[in-house]
Amino acid sequence: MTLRLTNSLTRRSAPFEPLQAGQVSMYCCGVTVYDLCHLGHARSYIAWDVLRRYLLWSGYQVTFVQNYTDIDDKILNRAAKEGSSMEVVSERNIDAFVADMAALNILPADRMPRATQSLDAIRDLIGELQAKGAAYGADGDVYFAVMKHAGYGKLSGRDLSEQQQNADGRVSGLEEARKQHPFDFALWKGAKPGEPSFPSPWGPGRPGWHIECSAMVRQELGDTIDLHLGGADLIFPHHENEIAQSEAATGKPLARWWLHNGMVNVGGEKMSKSLGNFTTIRALLESGTSAMTLRLFVLQAHYRKPLDFTQEALAAAATGWKGLNAALQLAAQLVTGAAGDGPDGPSNSLAEARLRFAAAMDDDLNTSAALAALFELAKPLRSLANRSERGDAQAASEAKALQAEARLLLELASVLGLKPEAESGPEGGATGPNAAEIAAQIAARQAAKAAKNYGEADRIRASLLDQGIELIDKPGGLTDWLRS
RNA sequence: GGCGGCAUGGCCAAGUGGUAAGGCAGAGGAUUGCAAAUCCUUUACCCCCAGUUCGAAUCUGGGUGCCGCCUCCA
């Protein structure tokens, strides 16, 4: 079986095969670090994290590079607004990015170059383009000449001859006047007074947005890479321009595969900073949604389709995760418990589950179907937990039989970046009564129950619930509790 | 206007020629003093019309609706 991926370049899916057998190079356009990441970023990076994990699981050696755009108008604006500097804004948001990604269990990229630290490669590339006649200077700016590059528009399906004055009113007249074609874009922007700038053969200034990715890809991974990833909103102009720059310089294809994820929508509209309808990763996590719930929410839909963010859908994912998490926790117990006792040879059903999972993932990363395989695997585990709690005599022997299953569940879950998550349990540092006080209340309620004083027992239960403590009666007269 | 995508049960969402995965919610059951939690069971002819086919959610044509990109954007 082979992995099939939908290539935006051809708009169809085809078997994936890296340029060098067993080795995959992938690049993902990162964030402009002017603010916190929102759910749209989370979706994108979760999707590519799963791709990477799946490739690794499949035995590939993967080199993954993701950039930081740390010089840009938005960063400068933000710095001006808060009276700090470009560096301060960038540094802060890079730290936040790292923390957010870690919270979501997204594996860090192998290398994360920054635009401001890649200036030599950027200037070299611009110089090369100019030497080849693909770029021209104008008053301290340098532009890429799209008309000079055959094949411009091949990714986004645009035909230059059909392009009219779409840019009217959207670009400053000054910049427009300098361009030879409306689609020409800046490789180097001459510095305006007071702006931070870097020296260059064209005068002080800074790189345009698109050129950094071309330069970094080339520097870090070579002329042609296997996979280039990003959000669908980057197809035009960003990725189109990257292709043009890189291919004009090297004469080789920039990437063999272009993968694009669908947008996160809110009320049918794209979540974005400009619309103001965004939720930051951090805000969501702080509001009590767990990282794994978010992952499950994202992975339940196919990565290329739009994903509507609603409280209902999130709540559904949370409940779904609760069940899966319980199974994963039990699985972790089983595996570390009486290790080695269980029958090790995978039974037919296990082999089938593994196959089903792989087939789903091979089909353009059908995580929704892959998750179905996980839920099916989790089922007997959850059932076992229920029966053993009820003192089923057979449960103990079954636990051994389920060890291989438990191991497989954990393994496959980890391919999706899903891992057992501790409940926000007793030592959660929350406010309210402490464990000893709760234990005392539970004992009091037990006594009331024994005396058939159910009014009092219910009163204690309700009172604890008011304080955020939920009681869970177990068979055998035991009572667990959760801080909600 | 140009380019691209999507329409499956109450909700989310797989399935792309042989008679509908999974999750959530709902219903019934087990359990419980009653609940909650948990486990078990259960719930669809796939936007409309026409066509191709022995057979279509799945292919073709035509509608309708929604979304993305064309300006910074994951």
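Hydrogens, waters and symmetry mates are skipped; everything else that's a heavy atom, side chains included, is used. Given the structure is predicted, the values throughout are model-derived calculations rather than measurements. Throughout, protein chains are lettered first and strands after them, A, B, ... in sequence-line order, and every chain is numbered starting at 1.
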Rounding to an integer number of angstrom, what distance separates B/U32 and B/U19 when you compare their C1' atoms? 43 Å
Looking at A/Arg92 and A/Glu82, does any basic side-chain N land under 4.0 Å from a carboxylate oxygen? yes
Just checking A/Glu470: base, sugar-phosphate only, or nothing, at a heavy-atom cut-off of under 4.0 Å? sugar-phosphate
Would A/Phe97 and A/Tyr68 count as a ring-ring contact (aromatic ring centres under 6.0 Å, His included) if you check the C-alpha gap in whole Å, the side-chain angles of each, and the deciding distance to 0.1 Å? CA-CA 10 Å; A/Phe97 175 88; A/Tyr68 288 117; 5.5 Å; yes
In the structure shown, which nucleotide is the Watson-Crick or G-U wobble counterpart of B/G9, with both distances under 3.5 Å? none
With C1' as the reference atom in both, quote the distance from B/G17 to B/C66 in angstrom, rounded to an integer. 27 Å
Yes or no on side chain to side chain donor-acceptor pair (under 3.5 Å) for A/Asn277 and A/Glu269, after CA distance, side-chain angles and deciding distance? CA-CA 9 Å; A/Asn277 60 352; A/Glu269 266 187 330; 4.7 Å; no
Is A/Lys270 near enough to B/C69 that one of its side-chain N or O atoms lies under 4.0 angstrom from OP1 or OP2? yes
What contact category does A/Gly323 fall into here, base, sugar-phosphate, or nothing, at under 4.0 angstrom with non-hydrogen atoms? nothing
If only side-chain N and O atoms of A/Lys305 are considered, is one of them under 4.0 Å from the OP1 or OP2 phosphate oxygen of B/C67? no
Determine whether any donor atom in the side chain of A/Asp473 lies under 3.5 Å from an acceptor atom in the base of B/A35, or the reverse, and answer yes or no. yes
For A/Phe297, answer base if it contacts any base atom (sugar-phosphate contacts may also be present), sugar-phosphate if it contacts only those atoms, and nothing otherwise; contact means non-hydrogen atoms under 4.0 Å. nothing
Using a 4.0 Å heavy-atom cut-off, does A/Asp72 contact any base of the nucleic acid, only the sugar-phosphate backbone, or nothing at all? nothing
Determine whether a donor-acceptor pair (one donor, one acceptor, N or O, separation below 3.5 Å) exists between the side chain of A/Arg390 and the base of B/U38. yes
Is A/Asn366 close enough to B/G15 that one of its side-chain N or O atoms is under 4.0 Å from OP1 or OP2 there? yes
Expressed as a whole number of angstroms, how long is the span from A/Arg304:CZ to B/C6:P? 7 Å
Which whole number of Å gives the distance between the P atom of B/A13 and that of B/C70? 24 Å
G-U wobble or Watson-Crick pairing nucleotide for B/C34 (cut-off 3.5 Å, both distances): none
A/Ile235 near the nucleic acid: base, sugar-phosphate alone, or nothing, with a heavy-atom cut-off under 4.0 Å? nothing
CG of A/Asn265 versus P of B/A13: gap in Å, rounded? 10 Å
Over how many whole Å does the gap from A/Met263 atom CE to B/C6 atom P extend? 15 Å
Watson-Crick or G-U counterpart of B/A27, or none if no pair lies under 3.5 Å: B/U41
Could you check whether A/Phe375 and the base of B/G22 form a stacked pair, meaning centres closer than 5.5 Å and planes differing by less than 30°? no
Within this structure, what is the CG-to-P distance between A/Leu374 and B/A14, rounded to whole angstrom? 16 Å
Side chain of A/Asp159, base of B/G2: donor and acceptor closer than 3.5 Å? no
Mapping A/His41 and A/Asn386 onto RNA chain B by nearest heavy atom, which one lands closer to the 5' end? A/Asn386
If you define the side chain from C-beta out and look only at heavy atoms, does anything of A/Lys419 sit under 4.5 Å from A/Met292? yes
What is the separation between atom CZ on A/Arg445 and atom P on B/C34, rounded to the nearest whole Å? 12 Å
Which one is paired to B/U16, where only Watson-Crick or G-U wobble pairs with both distances under 3.5 angstrom count? none
For a quick check of understanding: with a heavy-atom distance under 4.0 Å over all strands, which category does A/Lys154 fall into, base, sugar-phosphate or nothing? nothing
For B/C34, does either OP1 or OP2 sit under 4.0 Å from a side-chain N or O belonging to A/Lys449? no
For A/Asn77, which contact category applies under a 4.0 Å heavy-atom criterion: base, sugar-phosphate, or nothing? nothing
Name the pairing partner of B/G68, where a pair is Watson-Crick or G-U wobble with both distances under 3.5 Å, or state none. B/C3
Can you tell me whether the side chain of A/Lys74 and the base of B/C72 have a donor-acceptor pair closer than 3.5 Å? yes
Mind checking A/Gly40 for me? I need base, sugar-phosphate or nothing, with any heavy atom below 4.0 Å counting as a touch. base
In whole angstroms, the gap separating P of B/A13 from NE2 of A/His302 amounts to 13 Å
Among A/Arg178, A/Lys189, A/Arg206, A/Lys192, the one residue meeting salt bridge (charged side-chain N to carboxylate O under 4.0 Å, His left out) with A/Asp141: A/Arg178
hbond_proxy A/Thr319 side chain to B/A25 base (donor-acceptor, 3.5 Å cutoff): no
For B/A44 and B/A20, measure between their P atoms and round to the nearest Å. 10 Å
Gap in Å between the two C1' atoms, one belonging to B/U43 and one to B/G22, rounded: 15 Å
Students often get this wrong, so: under 4.0 angstrom with heavy atoms, is A/Ala301 touching a base, only sugar-phosphate, or nothing? sugar-phosphate
5' precedence on RNA chain B between A/Ala315 and A/Gly267 (nearest-nucleotide basis): A/Ala315
Indicate, with a heavy-atom threshold strictly under 4.0 Å, whether A/Arg382 touches base, sugar-phosphate, or nothing. sugar-phosphate
On a whole-Å scale, what distance lies between the C1' atoms belonging to B/A21 and B/C46? 14 Å
Between A/Lys273 and A/Phe278, is NZ or CZ placed under 6.0 angstrom from the six-membered ring centre and within 45° of the ring axis? yes
Determine, using ring centers only, whether A/His210 and A/His239 are less than 6.0 Å apart. no
Quick one: is the NZ or CZ of A/Lys179 closer than 6.0 Å to the six-membered ring centre of A/Phe185, and within 45° of its axis? no
A/Asn241 CG - B/C72 P separation (whole Å): 9 Å
Roughly how far apart, to the nearest Å, are B/U41 and B/C49 at atom C1'? 40 Å
Nearest whole Å is fine: how far is B/G68 P from A/Leu275 CG? 8 Å
Could you check whether A/Tyr454 gets within reach of a base, just the sugar-phosphate, or nothing at all, counting any heavy atom under 4.0 Å? base
Are the aromatic ring centres of A/Tyr303 and A/Trp48 under 6.0 angstrom apart? yes
So for A/Arg461 and B/A36, does any side-chain atom that can act as donor or acceptor lie under 3.5 Å from a complementary atom in the base? no
Euclidean distance for C1', B/U16 against B/C11 (whole angstrom): 24 Å
